[in-house]
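Data first, discussion second: the structure below is written as structure tokens.
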There are 2 protein chains.
Amino acid sequence: MACSPSTPDDILPPPLPEPAPEDLRLDVIMGALADPLRLTIIRKLLLESEAYDHTCGWFGFDRPKSSLTHHFKALREAGLIRQRQYGLERRSRVRTEDVDERFPGLLDLVRAWDASPTRR
Amino acid sequence: MACSPSTPDDILPPPLPEPAPEDLRLDVIMGALADPLRLTIIRKLLLESEAYDHTCGWFGFDRPKSSLTHHFKALREAGLIRQRQYGLERRSRVRTEDVDERFPGLLDLVRAWDASPTRR
DNA sequence: CGGGAAGTACGATTCGAGTCGTACTTAGCA
DNA sequence: TGCTAAGTACGACTCGAATCGTACTTCCCG
């Protein structure tokens, strides 16, 4: 539940609108993950984030900002990530507990995903 | 490996073109499952088929045949099902071994899927 | 041998997702 | 106070997926 070890929830900015845990839909989640870039976002958050939420810029994608907004929004509306506004920055983290509760094992698939691009 | 208990592989019709196990892509699989109808197809095959492959008609969908062809083709090209031609009929089964090998746990998510909410 | 059934092939249409440029908003800061 | 950076909002464009009708092929079976 905690966002970072030293930051209790009650002083965090509120999350942006997101579906309730019981409203998560497998088909919608699958659709959100049917894209290599978004798969990469989730995987990187799962494997490389160290207890902190991360901004779009942290990922280092070479895409226009408006494209990134689009994909992060898709992930948030599918219920895969939670986003909070910190001043100018919008930081994201995976909703691991909610997703694990509803779809156990799904995030493990993303963790194990072989992200190598042209694998043929 | 066997298609049905009493039918060795070598006298079965050959499978229609399908991706090799090592070519299965998680993003493509996710895309194939990002659809309630296709999710239903896989789930029904997993839970209700009893060691036999099944035709399109077995599912009882009230959709035009050409639509069904489209969805079964999508599932086959994603590597989720294997299809064989029996005379006029084209029978399908889930490639459980291949999918479990590459993406363990994924089919469990489909089995556990709650198919009831909001018919689309 | 001919009718019917299973399913495909093809094409038209619609619709939404992905992509990105540009303009805008806002917070921090020198 | 005004610049800069992070990110959004909006809109245009493209492209592919979904849908389905119609025509066709092929096999089985009476």
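Residue numbers begin at 1 in each chain, while the letters A, B, ... track the order of the sequences.
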The single option from A:Leu47, A:Leu46, A:Thr40 that satisfies side chain to side chain contact (heavy atoms under 4.5 Å, CB included) with A:Arg43 is A:Leu47
Separation of atom NE2 in B:His54 from atom C1' in C:dG7, rounded to whole Å: 18 Å
Once you apply a heavy-atom cut-off of 4.0 Å, does A:Arg38 come out as touching a base, just sugar-phosphate, or nothing? sugar-phosphate
What nucleotide, of C:dT8, C:dG7, C:dA5, holds the atom closest to the side chain of B:Thr69? C:dT8
Please determine if a side-chain N or O atom of B:His70 lies less than 4.0 Å away from the OP1 or OP2 oxygen of C:dA9. no
A:Thr55 and side chain to side chain contact (heavy atoms under 4.5 Å, CB included): which partner among A:Gln83, A:Arg90, A:Glu89? A:Glu89
Measure from the side chain of A:Arg63, starting at C-beta and using heavy atoms only, and say which of D:dT26, D:dT19, C:dT19 lies closest. C:dT19
Below the 4.0 Å mark, does D:dA17 have OP1 or OP2 next to a side-chain nitrogen or oxygen of B:His71? no
Take A:Ser67 and A:Gly87, find for each the nucleotide of DNA chain C with the closest heavy atom, and name the residue whose nucleotide sits nearer the 5' end. A:Ser67
For the pair made of NZ in B:Lys65 and P in C:dA5, what is the distance, rounded to whole Å? 9 Å
Starting the side chain at C-beta, find the nucleotide from C:dG21, C:dG7, D:dG7 nearest to A:Glu89. D:dG7
Taking the side chain of B:Leu88 as its heavy atoms from C-beta onward, which of C:dG7, D:dC27, D:dA18 lies nearest to it? D:dC27
Whole angstroms only, please: what is the CD-P distance between B:Gln85 and C:dA9? 10 Å
Check: B:Pro13 main-chain N/O paired with B:Arg84 side-chain donor or acceptor under 3.5 Å: yes
On the nucleotide C:dA6, are OP1 or OP2 found under 4.0 Å from the side-chain N or O atoms that B:Arg90 carries? no
Count the heavy atoms belonging to other residues, nucleotides or ligands that lie under 6.0 Å from CD of B:Glu101, then report whether that count exceeds 12. no
Rounded to the nearest angstrom, tell me the gap between atom CG in B:Asp35 and atom C1' in D:dT19. 11 Å
Between D:dA18 (C1') and B:Leu75 (CG): distance, integer Å: 14 Å
Could you state the CG-P distance from A:Asp27 to D:dA18, rounded to the nearest angstrom? 12 Å
If you only use heavy atoms from C-beta on, which nucleotide in D:dC27, C:dT22, D:dA6 is closest to the side chain of A:Ser66? C:dT22
Rounded distance (nearest 0.5 Å) linking atom CG of A:Asp98 with atom OG1 of A:Thr96: 8.0 Å
Could you state the CG-C1' distance from A:Leu37 to C:dA17, rounded to the nearest angstrom? 14 Å
What is the separation between atom NZ on B:Lys73 and atom P on C:dA6, rounded to the nearest whole Å? 22 Å
